[in-house]
Asks: 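This structure is in structure tokens; I'll ask about it shortly.
All ligand and atom numbering here is 1-based and tracks the order in the structure. Just so it is clear, the values below take in all heavy atoms, side chains as well, and ignore hydrogens, waters and symmetry mates. We're numbering straight along the sequence, starting at 1.
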Amino acid sequence: MYRLLILLFCSLSTVTVSAQSKNVRYGQVSPQVRQDPAMQKFRQNRFGQFIHWGLFSIPAGEWKGKIYPGASEFLKSYADISTEDWAQLRYQFDPVNYDPVEWAGYARQMGVKYATFTTKHHDGFCLWPSKYTDFDMDETPSKRDLVGEFVKAYNDAGIDVYLYYSILDWHHPDWRYSLENKEDSVAFDRFRDYVKDQMTELVQRYPTIKGFWIDGTWDESWKKSGKFSYELEVCLKKLSPDLIINSRFRADEYGARHFDSNGVLMGDYESGYERRLPSPYDTIVPTRDWEAVMTIPENIWGYHKQWEGHIKSSYELIEMLTRCVALNGNFLLNFGPKADGSFKEEEIRLFKEIGRWIHTYGNAIFDCGYAGFERQDWGYYTACRNGNTVNMVVFNVPVSRMLRIKLPAKLQLSSAKFTHSSEKIRVDESVKGEYFLHIPDKEYKEPFVIEIEVKNADGNGIYYMPPLI
Ligand code: JFZ
């Protein structure tokens, strides 16, 4: 009887499992948590610069004397501009002040370790001379290869380059939002070939690129391209095995995006955090790679001549970056250069302000990740991957000047010191494993870092962080 019950139980559970899990053939391509050196480098990099540049940088949110607030790269759609009229902009796209060496200098000043550059946004214009279309840099006065110049200058400055590429294409005659009939399917098959040709072209022209940030994949037509996008990812990784591709690229054969129909992440990291960070704090499992992308104004990626509303400050952005790192994520901060290739004053100020902080406190950011400690209101813990140090990155100093620490069971605090001051911190154990750090009663003008060391309470062994992904 007992045996029978077990048998019954087993067969029931098999049934439940197979009812829950679908047979996915076109899901993830690479292992879910990659541990190869390229992926580790991506993870160590933590802070990147996103660049949105293209024909939309010319009208910069204004059409026929009217300002359209909001995303300037969507102006064509907001102002209902015909594809022909929009395409005329290419004859005016002349970035005379584009000095990629200067850009890379700014990027280094700000302290980013990688950068992601728009090669083709939704309007379909290509910022490199593509073999597969005329709607590209060859048609502009300078005929410069903006992508190639960017890759070279940034790489020369020691910065990894990723390429943004939008599948959604408002210019290409074969683009379809959905596939309603035979004609649509035939056209979209041609369009898929175009995507494959161009992505292959980008990998071959710019062999040092580290990966792709693919966008514009939310329409029905692409959701029905699961097999195609799977095979394309396989093919690109044959050409360049270390490539890192974001989850937004993929849908499985059932149309599930980012995560396949069984909840398995597709692509090498999760790229669903668009102008938002994981919230509430603990919702993200810190055991997979992810990246948040962020704008400086509310929701504008390309250059807009009139930023409106709240503009994020350097400390606000640094806090977002730290929050990402504390949860094992990367932070990609967007900049929208003007059509002539120069940056807004506000952006240049951020290069400097963020850079000043990063160059002082970057040890608590780069190559750091989740510490496994309960979060406190003063800020975030980040654990250094290469040792047993945990950083407390402090953004909110309590009026009491007491910072609370609550360690996981069986751990004990052995030391706490400021990384950039020799001032003393008095440590007070309230209950077992819970401490108050008393810091000097003064004004704190910027976020700062306290380094703590933790040991096992039951022996003299040093506590090593749980292996981070
Ligand atoms: C897309 C683009 O439309 C936008 O112009 C910009 O390039 C940005 C990085 O990506 O915008 C999105 C993409 C995804 C979501 C929202 C806007 N989303 O997942 O909520």
Asks: Using a 4.0 Å heavy-atom threshold (strictly under), name the region of Arg248 that reaches ligand 1: side chain, backbone, both or neither.
Replies: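 The answer is the side chain of Arg248.
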Asks: Suppose the criterion is ring pair (Phe, Tyr, Trp, His ring centres under 6.0 Å): which pairs have a residue in residues 306-327, not counting sequence neighbours?
Replies: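 Passing the test, one end in residues 306-327: no pairs.
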Asks: Can you pull out every side chain to side chain donor-acceptor pair (under 3.5 Å) where at least one residue sits in residues 58-74? Sequence neighbours excluded, please.
Replies: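 Listed by first then second residue: Glu62-Lys305.
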Asks: Would you mind checking which non-hydrogen protein atom is closest to atom 10 (O) of ligand 1, with the distance to 0.1 Å?
Replies: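 Checked against all protein heavy atoms, atom 10 (O) of ligand 1 sits closest to Asp215 OD2, 2.8 Å.
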Asks: Are the side chains of Arg323 and Phe395 in contact, using a 4.5 Å heavy-atom criterion?
Replies: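 Sidechains of Arg323 and Phe395: no contact.
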Asks: Of the choices His258, His52, Glu274, which has the non-hydrogen atom that lies closest to atom 15 (C) of ligand 1?
Replies: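 That would be Glu274.
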Asks: Near Glu73, which atoms of ligand 1 are under 4.0 Å from a heavy atom of that residue?
Replies: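 Near Glu73, meaning under 4.0 Å from one of its heavy atoms, ligand 1 has 4 (C), 5 (O).
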Asks: Under 4.0 Å from any heavy atom of Phe74, which atoms of ligand 1 are there?
Replies: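 Matching atoms, with element in brackets: 3 (O), 5 (O).
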Asks: Within a distance under 4.0 Å of any heavy atom of His122, pick out the atoms of ligand 1 and give their elements.
Replies: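 Per the distance check, 2 (C), 3 (O).
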Asks: Quick one: does Val293 get within less than 4.0 Å of ligand 1, heavy atoms only?
Replies: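 So Val293 does not count as touching ligand 1.
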Asks: Taking NZ, NE, NH1 and NH2 as the nitrogens, is one of them in Glu220 or Lys224 under 4.0 Å from a carboxylate oxygen of the other?
Replies: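 No salt bridge links Glu220 with Lys224.
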Asks: Using the ring-ring contact (aromatic ring centres under 6.0 Å, His included) definition, which of the options Trp86, Phe125, Phe74 pairs with Trp170?
Replies: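 Filter result, single survivor: Phe74.
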Asks: I need the atoms of ligand 1 closer than 4.0 Å to a non-hydrogen atom of His121, numbered in the order shown.
Replies: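 Counting atoms of ligand 1 from 1, those under 4.0 Å from His121 are 4 (C), 5 (O), 6 (C), 7 (O).
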Asks: Are more than 12 heavy atoms from other residues, nucleotides or ligands located less than 6.0 Å from atom CD of Glu345?
Replies: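 Open.
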Asks: Only heavy atoms of Tyr164, strictly under 4.0 Å: list the atoms of ligand 1 that pass.
Replies: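 Every atom of ligand 1 under 4.0 Å from some heavy atom of Tyr164: 7 (O).
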Asks: Hydrogens and angles aside, do Asp219 and Ser221 bring a side-chain donor and acceptor to less than 3.5 Å of each other?
Replies: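 Their side chains do not contain a donor-acceptor pair, so the 3.5 Å distance test is not met.
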